[in-house]
Each structure stands twice: as C-alpha cells, then as structure tokens.
Amino acid sequence: MNKGESMSSSNFLRGTLLLTGASFLSKFLGMIYTIPFTNMVGETGMALYGYSYIPYTIMLSMSTIGVPLAVSKFVAKYNSFNDYYSSMRMFKVSTVLMLITGFIAFIIMYFGAGVFSGWILSEENKNITLNEVKDVIQMVSFSLIIIPSMAIMRGFFQGNKSMGPTAVSQVIEQIFRIAFLLVAVFIVVIVLQGELATAIGFAAFSAFIGAIASWGVLAFYWKKRKKYLDAAIEGQKKKEKIPVSTLLKELSRYAGPFVLIGVAIPLYQLIDLFTFNHAMAEIGKADVADIAFSVFNVQGHKLVIIPVTIATGLSLALIPEITDAYNTKDTLKLKKLINQALQIIMFFVLPAIVGLILLSDSIYGSLFSLDNIDVAGKVFAWYAPVALTFAFFTVTSYILQGVERQNFTLISLSAGILTKILLNSLFIQVFAEIGAILVTLIATSIAVILNVWQIKKAIDFQFKNFYKLTLLMLIFTAIMTIAVLIVKGILGVFLEVDKNRFDAIIMMVAGVGVGGFIYLYLGYASTLFERITGRRIAVIDKLLRR
C-alpha cells in the first residue's frame, strides 16, 4: 500500500469511528432526555407521545425504504469507477424521490390522523382522548416532509467516504430536538400549567425542529465541498447518462435488504399500538393500559435498547470481514467470525437482562417515577428479555447478508410479524399487560431460530463452541445474580425503594455497580472477554497486574 492509500484508509477508519461514536451518543441522549421528560408529563403523557411516535417511525421507514444506505452504496461503487457524474445524478434523482415519498407520507399521516387514533385508542380510555392522539400525530407528521431528503444527503456524503457531515448532523439534530422538547414541555406544563396534550404536541413537533437544524449542518458542509464535487465531475472524461429507470431499479435492489432489518422492531411496536388498548379494554383494564404501554414501548424500550446497541455495534463491526471470508471461501475464518459475533451478543446482553430484571423497581423508579411502580416495575422486568431476541435478530440478519442469503430475512421477519398479529390480542386478554410482551418474545424468537437455521444450512455452521462459552457466561451471570440479591437483601432492610426515590437511586447504583463489576471481572480474569472480542485492555491489565 502506498502512502496515499494508507492515508485514505486511515481517514476512512477515523471517519467510521467518528460516525459510530456519534450514533451511540445520539442514542444515549435519546434515552437520557426521557428521564426529565417523564418526570414532567408522567406515564400518561409518555403514552400519548408513544402513540404518535411509533406510527411516525413506520411512516418514515416506508417513505425512505432504505434508500439513504442504498445511495451510499451506489455512490461508493460508481466513485470507485471514477464515475462521479452518475453518483451526482443518483443523488439528484433520489433526493427528488425522497421529497415526493416524504410529502406523500406527510399527507397520509396528517389527514389520516383521525383514522390512526381510532385504531390506536379504545373509547373506554379515560386518560387520553381520540382528539388528543389525532392532534399529536398531526404535529409529528410535519417532519416527514424534510427528513427523508435529509437522509439522502447523509447517504451521499457517506458514499464519498466523508462521515463527518453525518456524524455532526446526527448529534446536532438530537441536541436541538431534545432542547426544544424539554424547554417547550417545561414552559407549557410547569410555567403555564397548561394542558398535557398541548405539551406532548410540542414534544412531537420537536422532530421537525431537529430536522431543520440537521439540514443547516448538512447545507454548511455541502457549500464547503460543492466545488470539489463539481471539479471531479468536470475532470471526468466520459459521462454516460444512465436512464433514470435504470438508476431507480439499481437503487431499489440495494435498498431492499436494509429496510427489512430497520423496520423490524417498529413493526412489533406498531402491532402493540393498534391492539393493546382495545384488548386491555376488553378485559376491563383500560385504566392501566396507558401506563403499561408507556413502560414497555417508550421508557422501558429506550433502556433495554442500550445493551442491544452496544452489543450489536461490536458484532456488526465483524460483518465486512464475514462477507470477505465468505467471498474468498475461507470457511474456518467465516465460522470463527460468526461464532464471535453471536458470543458478543450473549456476553453483553445476558447479564444486562438479568440485572434489569433483578433491579427493575429501583431502576425504573429512580430514573422515571415511583408512581404506579407495582405495574411499571413488573412490566419493565418482563420486557427486559426482549433485548436478547432483538439483538440476535439484527445480527443474524446481517450475517445472512454477508453469506448471500439476505432474501431469507423477509421469510423470518414475516413469520415473526404474523405470529405477533395472530396471538397479540389473545395473549393480552389472557395475561393482561404482560401478554403483549410474551408474544413479542415468542415472535422474535421464531424469527431468530429461522435465521440461525438458515445460517447453519448455508455454511454448515456448528454451535458447539458457542454453547460452551454460553455455559460459562451463565455461570458468571449466576454468581453476579447472587451478589446482587445479597446487596438487595442488605440494603432492603434500611431502604424503602418503592416509596422513596433517593432510596431507589442508592439501590440502583449499588446493585448495578456490584453486579457489573463482578461479571466484568470474572469475564476478564478468565480471559472470556479476550476470547470473544479478540482484545485485551491495557488499563485493566495494569490495574489487575496481569
């Protein structure tokens, strides 16, 4: 590799790390803000917020259909051929396409808000009205006009191996959205003592504010780099004008696999959105429906998704190597990498789930609210295991892409979604608020099992090593569990976790601190961490004098 290539590779790696860090920071901020937000609006307000945000997420996914990532792939491909003209044409065509689909999504969501609210909410609900749900859905729908086309510009920059614009715009978007949301809600609820629905309407509209801020950042980068893009096109000797229909056909071929994975979790949430309230009303539990829905689909989901984000981020970093090993027919390396990706999920997510279950009351109570903690704590504890199936579905789906079996993701996702549709109302009527969570666990497990079966079939993958290390993780998790239970038993004598928020915070910090330290120490001292990630950590080596 020459000096220029080395610098280019280094810059790309630095950009990729920057983008990964920005994505994690954005998701972390997306969890943290729910703490003050919940404290101002309560579970009822968060439920109303969730009723609007879940259909918005689905409409956003449908209006973009994986196109931004597909544009990134297209641009990178044609830039490698020095065909910058076609890359720019794809950018322009896809931007127009996203403006059209975004506006159509806005029209459907804004004018269909009344229909959506009727699907979502039971008339027996005493805490939230149909009109309130309709108004909040309409407020969040405005962001659909601009976010899809904004995402295209991010994809274009990424295709040009420029990760900075996407990274910075993601963080700025989240900061402006959260700042507007918290300030607006504080003024309406605390200062003006206004209506809760009004505050949630402004909270929903914050997505539009964040998108505007992100567009500003991207426009700044575009202005700085436009002359270099134009120069590359002008310097291109041969400019072949590929028909628009051909561009769109190639774009749709790239976009397909991305949308299936990206839309999976929102689809499960959407089914809950349209069935949960009605099924709870059928069994006379409409009074706790909003609280339960808010716990597992808004606040609880944001907490549970943190270990999922960490584990899947580390696992997905192996996907390019998995793809390369498959294409070069290096079977031993391929199986080792897949084992490693699956073990990372188990290593990080398994203890996190157990910790969330053991400390559910204190974690939820200290971060959000002790009101209705008897319902909230139980629902949160039951929802925690979903983290494992969500993580495994995401990673196994990407592995299938790496071994050229991406079309099978449609079958596994469809099987899971169909199971959720068929069983959701029935399970809710039998098991109340826990029923929806049980069905999600069953449905996502079916999808994961199907993916794993297909991986095994595609490359004759054996799970012996995975089972052996998982057994060791289970032993370490059991030791951690005993330690956390001892901490709970001792502190429980002095603390009233279900009544005093400060006591709940002490219990959470002590439990998480002791449990986390013991598990990570065992994992590191036994070299399990090194065997899974392939890395040692110099700082910990020095501390343990290894």
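Below 30°, between 30° and 60°, or above 60°: for Phe116 and Phe274 the angle between ring planes is below 30°, a parallel geometry. Ring geometry for Phe431 against Phe427 counts as tilted: the plane angle lies between 30° and 60°, on a 0 to 90° scale. Taking the six-membered ring where tryptophan is involved, the planes of Phe293 and Tyr51 are tilted, since the angle between them lies from 30° to 60°. Classification of the Phe296-Tyr383 ring pair by plane angle, with boundaries at 30° and 60°, yields tilted.
A donor-acceptor pair is defined here as one N or O able to donate and one able to accept, closer than 3.5 Å; no such pair exists between the side chain of Gln429 and the backbone of Ala279. Under a 3.5 Å cut-off, the side chain of Thr440 and the backbone N or O of Ala436 do form a donor-acceptor pair.
To the nearest 0.5 Å, the span separating CD on Glu132 from CD1 on Ile137 amounts to 12.0 Å. How far OG of Ser366 is from CZ of Phe502: 11.5 Å, rounded to the nearest 0.5 Å.
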Next item on the list: Could you go through the side-chain hydrogen bond (donor to acceptor under 3.5 Å, both in side chains) check for Asn451 and Thr409 one step at a time?
Entry: CA-CA 7 Å; Asn451 278 357; Thr409 307; 5.1 Å; no
Checklist line | Test side chain to side chain contact (heavy atoms under 4.5 Å, CB included) applied to Leu181 and Phe205, step by step | finding: CA-CA 8 Å; Leu181 182 151; Phe205 189 71; over 6 Å; no
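No more than 12 heavy atoms of other residues, nucleotides or ligands shown are found within 6.0 angstrom of CD on Glu195. Within 6.0 Å of the OH atom in Tyr110, the count of heavy atoms belonging to other residues, nucleotides or ligands does not exceed 12.
The existence of a salt bridge linking Arg154 and Glu173 is confirmed by a sub-4.0 Å separation between a basic side-chain nitrogen and an acidic carboxylate oxygen. The residues Lys378 and Asp361 are annotated as not salt-bridged, no charged nitrogen and carboxylate oxygen being separated by less than 4.0 angstrom.
Because its NZ or CZ atom is not both nearer than 6.0 Å to the ring centre of Phe208 and within 45° of the ring axis, Arg177 does not count as a cation-pi partner of that residue.
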